[in-house]
S.K.: 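The structure follows.
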Amino acid sequence: MAAPIAAYAGAHATGSEAEPLAVHKPQDVEQIQALIKRCRAAKTPITTFSSSGPGRRRGATSSRKSVFLDLSAMKRVFHIDAQDAVAVIEPGVTFAELDAALAPHGLRTFKPLAPRPGKSVIASYLEREPILNVKEQWDVLDPLGAAEVVFGTGETFHTGSAAAPGTMDEHWRAGMRYLTAMGPVGTDFMRVLQGAQGTLGVVTWAAVFCERRPTIEKSYFIGAEEIEPLIQICSELNYRRLGGAMFIMDRSEMALLMVDAANSYQDVADQLPAWVLFVSLAAAAEFPQDQISYEAADLAAIAAKQDLMPVTSLRGVAADDVRTRLETSSSHDHRAAAGRAYRELFFLTQIDRAPGFIARVKARVQSGASTPMRLGVYLQPRLQGRNCHLEFTLGYGAAAPRVAQMAALTATALAEECAKAGGLFSRPYAPWTKMAFENHQALVPFLRHTKQMFDPDGILNPGRLCF
Ligand SMILES: Cc1cc2nc3c(=O)[nH]c(=O)nc-3n(C[C@H](O)[C@H](O)[C@H](O)COP(=O)(O)OP(=O)(O)OC[C@H]3O[C@@H](n4cnc5c(N)ncnc54)[C@H](O)[C@@H]3O)c2cc1C
């Protein structure tokens with residue numbers, strides 16, 4: 001269970017992390033429980049992570065010396081149910097591994113944008129990384145169902161429908177599929193654990209909802225010189241529950257997704273419209289060709305209201321090929337290609353407020369013209385279009401430490417500006433933590449009280465959030 005320390009040192013780009021005291025790679029819940037109990041008795045902090053390398057870029061870290069709890073070796077897929085489109089998995093299972101297991105059942109994972117190969121499905125969903133498929137996300141918890149968690153007290157607990165008496169196998173034989181995340185009774189433990197950055201408990205398995213593999217899938221680009229018409233199209237598509245994977249990018253961000261061996265980044269970027277909406281139509285088993293035809297006609301009619309037209313390829317790159325890339329974990333970070341590095345900034349807002357934030361960020365980046373940075377914009381509608389994840393990337397040459405420092409400072413200043421303008425930093429990572437909690441001080445006592453209940457000795461991921 002103990003693992004060598006050397007491979008875990010220095011994962012974090014800022015260099016602000018402490019070396020691990022020890023590394024534990026457990027195989028099961030009993031080992032996790034035993035470790036948490038020992039650490040609690042000794043008041044030793046624990047840093048948990050489930051994803052694995054290469055390059056745990058901006059990885060889960062601690063500035064205090066802690067024991068690393070690496071769950072990446074817990075790779076069991078306990079159950080898959082094709083009828084209810086759900087799987088029960090351990091935290092070390094990655095998107096590629098789960099997709100391989102789901103394929104024979106006619107299912108696939110709901111994915112965020114370009115997860116790295118070692119990214120844990122459970123960690124991604126706990127982090128609330130936005131998924132590409134807007135239509136199927138009904139609630140913020142989706143695609144998470146019930147789960148098993150070991151709290152900082154060392155107690156193991158089952159949430160949602162998994163809290164019923166009996167073992168997992170007994171539940172499964174009785175037809176229970178852990179689809180209900182809320183509970184037991186009226187308490188929604190998962191809603192507290194999700195987004196807590198591992199500070200309240202360690203999730204040891206979870207049910208995850210899966211997407212049914214479409215019989216036919218067709219992807220489109222809609223290009224425009226302004227973002228507003230694309231926002232209108234997105235909103236109408238979501239209102240009418242049309243389209244599966246869907247997002248908007250500016251030309252710089254889209255070019256990074258489209259670039260291939262035959263075309264350089266600059267060649268692609270120079271030829272794209274300023275803004276691109278990517279949308280996929282997916283048809284199920286019954287009359288799939290008919291469904292794609294009438295949905296494509298609806299998409300064209302919605303785009304025509306903005307004097308725009310969906311196309312199946314842009315500048316020689318097929319939208320279907322981009323979708324295929326998005327379905328496959330790539331070993332390289334597409335934003336860091338060709339000697340580039342970047343600093344990101346993201347928050348939640350309403351989609352119609354996005355243009356205001358974009359203008360604000362553009363103005364600040366352009367005002368620092370002496371420090372050349374690539375500004376990229378990625379807008380991901382969430383929750384059937386009820387809000388959106390707005391992400392900016394400030395790209396620069398990896399061999400330019402002065403620009404890297406400038407990008408970090410600019411991103412922090414922009415975060416403060418966007419938070420003041422109403423951007424919701426619902427994933428307040430290290431550079432944004434102080435600002436996020438200062439702006440929502442009324443919440444802090446309640447969060448600290450919650451921490452006290454689930455992790456009374458403050459051993460789980462100390463220093464994150466407001467504790
Ligand atoms: C600009 C920026 C700066 C950042 N700086 C920092 C930083 O200084 N320190 C830092 O820690 N993060 C930081 N982050 C966040 C970090 O990038 C994300 O948390 C990322 O997902 C970590 O990836 P990972 O592969 O190391 O961890 P993952 O294993 O993917 O874990 C992601 C998060 O979930 C928690 N987690 C993982 N598995 C479980 C589980 N089974 N049960 C409960 N919780 C679990 C982890 O503790 C972590 O908080 C930063 C992010 C950004 C955008």
Side-chain angles (χ1 to χ4, degrees), residues 8 10-18 20 25-26 29 32 36 45-64 66-75 89-95 112 115-129 144 147-152 157 159 189-190 192-206 208 333 335 341-347 389 391-394 404 407-412 414-415 425-436 454-455 459-465:
Y8 294 81
H12 195 242
T14 63
S16 61
E17 68 179 303
K25 281 188 99 162
V29 63
I32 296 173
I36 291 182
I46 297 176
T47 300
T48 306
F49 49 92
S50 300
S51 305
S52 54
R56 285 177 42 246
R57 214 189 60 78
R58 299 211 201 302
T61 60
S62 169
S63 52
R64 284 167 57 181
S66 62
V67 169
F68 275 20
L69 177 56
D70 177 356
L71 307 176
S72 62
M74 293 179 68
K75 287 194 175 291
I89 59 169
E90 287 191 320
V93 177
T94 64
F95 285 97
R116 71 181 207 259
K119 189 70 196 180
S120 146
V121 176
I122 288 184
S124 173
Y125 294 168
L126 281 173
E127 289 279 90
R128 297 175 300 192
E129 290 187 331
L144 272 177
E148 178 179 81
V149 55
V150 183
F151 289 121
F157 191 81
T159 67
F189 291 87
M190 208 54 193
V192 181
L193 287 163
Q194 199 190 33
Q197 296 184 22
T199 56
L200 303 180
V202 175
V203 173
T204 53
W205 54 252
V208 296
D333 179 347
R335 285 172 173 158
Y342 63 93
R343 176 56 76 149
E344 68 273 64
L345 162 72
F346 50 79
F347 51 86
H389 162 97
E391 180 162 345
F392 298 96
T393 48
L394 305 176
L409 288 174
T410 309
T412 305
L414 278 169
F425 284 72
S426 70
R427 293 161 59 197
Y429 295 130
W432 314 320
T433 316
K434 192 162 168 279
M435 168 199 83
F454 293 118
D455 179 22
I459 56 167
L460 297 181
N461 285 359
R464 306 266 179 90
L465 304 180

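Just so you know, ligand 1 is whichever comes first in the structure, and atom 1 is the first atom listed for that ligand.
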S.K.: Check each atom of ligand 1 against the heavy atoms of Thr48 and keep those under 4.0 Å away; list them by number with element.
M.R.: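 Selected atoms, number and element: 39 (C), 46 (C), 47 (O).
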
S.K.: Quick one: does Lys25's side chain have a donor or acceptor within less than 3.5 Å of a partner on Asp70's backbone?
M.R.: no

S.K.: Is there a donor-acceptor pair closer than 3.5 Å between any side-chain N or O of Ser124 and the backbone N or O of Ser120?
M.R.: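 Checked: no pair found.
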
S.K.: Considering only heavy atoms of Arg464, which atoms of ligand 1 have at least one such atom less than 4.0 Å away?
M.R.: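 Going through ligand 1 atom by atom, the ones under 4.0 Å from Arg464 are 11 (O), 47 (O), 48 (C), 49 (O).
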
S.K.: Tell me if a side-chain donor or acceptor on Thr47 pairs with a main-chain N or O of Ser66 at a distance below 3.5 Å.
M.R.: no

S.K.: Under a 4.5 Å cut-off applied to non-hydrogen side-chain atoms, are Glu127 and Gln197 in contact?
M.R.: yes

S.K.: Of all the atoms in ligand 1, which lie at a distance below 4.0 Å from a heavy atom belonging to Asn461?
M.R.: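 By the 4.0 Å cutoff, the relevant atoms are 47 (O).
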
S.K.: Are any of the N/O atoms in Trp432 less than 3.5 Å from those in ligand 1?
M.R.: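 So ligand 1 has no N or O lying under 3.5 Å from an N or O of Trp432.
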
S.K.: Taking only heavy atoms of Ala430, which atoms of ligand 1 are found under 4.0 Å from at least one of them?
M.R.: 5 (N), 6 (C), 7 (C), 8 (O)

S.K.: So, using ring pair (Phe, Tyr, Trp, His ring centres under 6.0 Å) as the criterion, who are the partners of Phe392 when residues are at least two apart?
M.R.: none

S.K.: Does any N or O of ligand 1 fall below 3.5 Å from an N or O anywhere on Arg343, backbone included?
M.R.: no

S.K.: At a 4.0 Å threshold, what atoms of ligand 1 neighbour a non-hydrogen atom of Gln197?
M.R.: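 Selected atoms, number and element: 47 (O), 49 (O).
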
S.K.: Nearest non-hydrogen contact with atom 43 (C) of ligand 1 belongs to which option: Ser50, Ser72, Ala408, Gly201?
M.R.: Gly201

S.K.: From the options Ser52, Ala196, Ser51, select the one whose nearest heavy atom is closest to atom 30 (O) of ligand 1.
M.R.: Ser51

S.K.: In a check of ring pair (Phe, Tyr, Trp, His ring centres under 6.0 Å) between His389 and each of Phe425, Phe347, Phe346, which one passes?
M.R.: Phe346

S.K.: Using a 4.0 Å cutoff against the non-hydrogen atoms of Arg116, which atoms of ligand 1 qualify?
M.R.: 25 (O)

S.K.: Out of all atoms in ligand 1, which are within 4.0 Å of some heavy atom of Leu71? Include the element for each.
M.R.: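 This gives 41 (N) as the contact atoms.
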
S.K.: Under a 4.0 Å heavy-atom limit, does Met74 contact ligand 1 with its side chain, its backbone, both, or neither?
M.R.: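 It is neither part, as no heavy atom is under 4.0 Å.
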
S.K.: Of all residues at least two apart in sequence or in a different chain, which pass the salt bridge (charged side-chain N to carboxylate O under 4.0 Å, His left out) check with Arg335?
M.R.: Glu253, Glu391

S.K.: Looking at OG1 of Thr199 and CG of Asp455, how far apart are the two atoms once the value is rounded to the nearest 0.5 Å?
M.R.: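 Spacing of OG1 (Thr199) from CG (Asp455) equals 7.5 Å.
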
S.K.: With rounding to the nearest 0.5 Å, note down the distance linking CG in Leu144 to CE in Met190.
M.R.: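 The CE atom of Met190 is 4.5 Å from CG of Leu144, to the nearest 0.5 Å.
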
S.K.: Are any non-hydrogen side-chain atoms of Leu69 and Pro26 less than 4.5 angstrom apart?
M.R.: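 Leu69 vs Pro26: side chains touch.
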
S.K.: Which of the numbered atoms in ligand 1 are below 4.0 angstrom from a heavy atom of Phe49?
M.R.: 27 (O), 29 (O), 37 (C)

S.K.: N/O to N/O below 3.5 Å, does that happen between Glu344 and ligand 1?
M.R.: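 N/O-N/O distance under 3.5 Å: no.
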
S.K.: Under 4.0 Å, counting heavy atoms only: does Pro431 come that close to any atom of ligand 1?
M.R.: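 In this structure, Pro431 qualifies as a contact of ligand 1 - some heavy atom is under 4.0 Å.
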
S.K.: Once you restrict to heavy atoms under 4.0 Å, what part of Leu126 touches ligand 1? Side chain, backbone, both or neither.
M.R.: side chain

S.K.: If you measure every N/O of Glu129 against every N/O of ligand 1, is any gap under 3.5 Å?
M.R.: no

S.K.: Under 3.5 Å, N or O to N or O, is Ile122 touching ligand 1 that way?
M.R.: no

S.K.: Keeping Asp333 on the side-chain end and Arg116 on the backbone end, is there a donor-acceptor pair under 3.5 Å?
M.R.: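 No; judged by distance alone, with no hydrogens or angles, the pair does not exist.
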
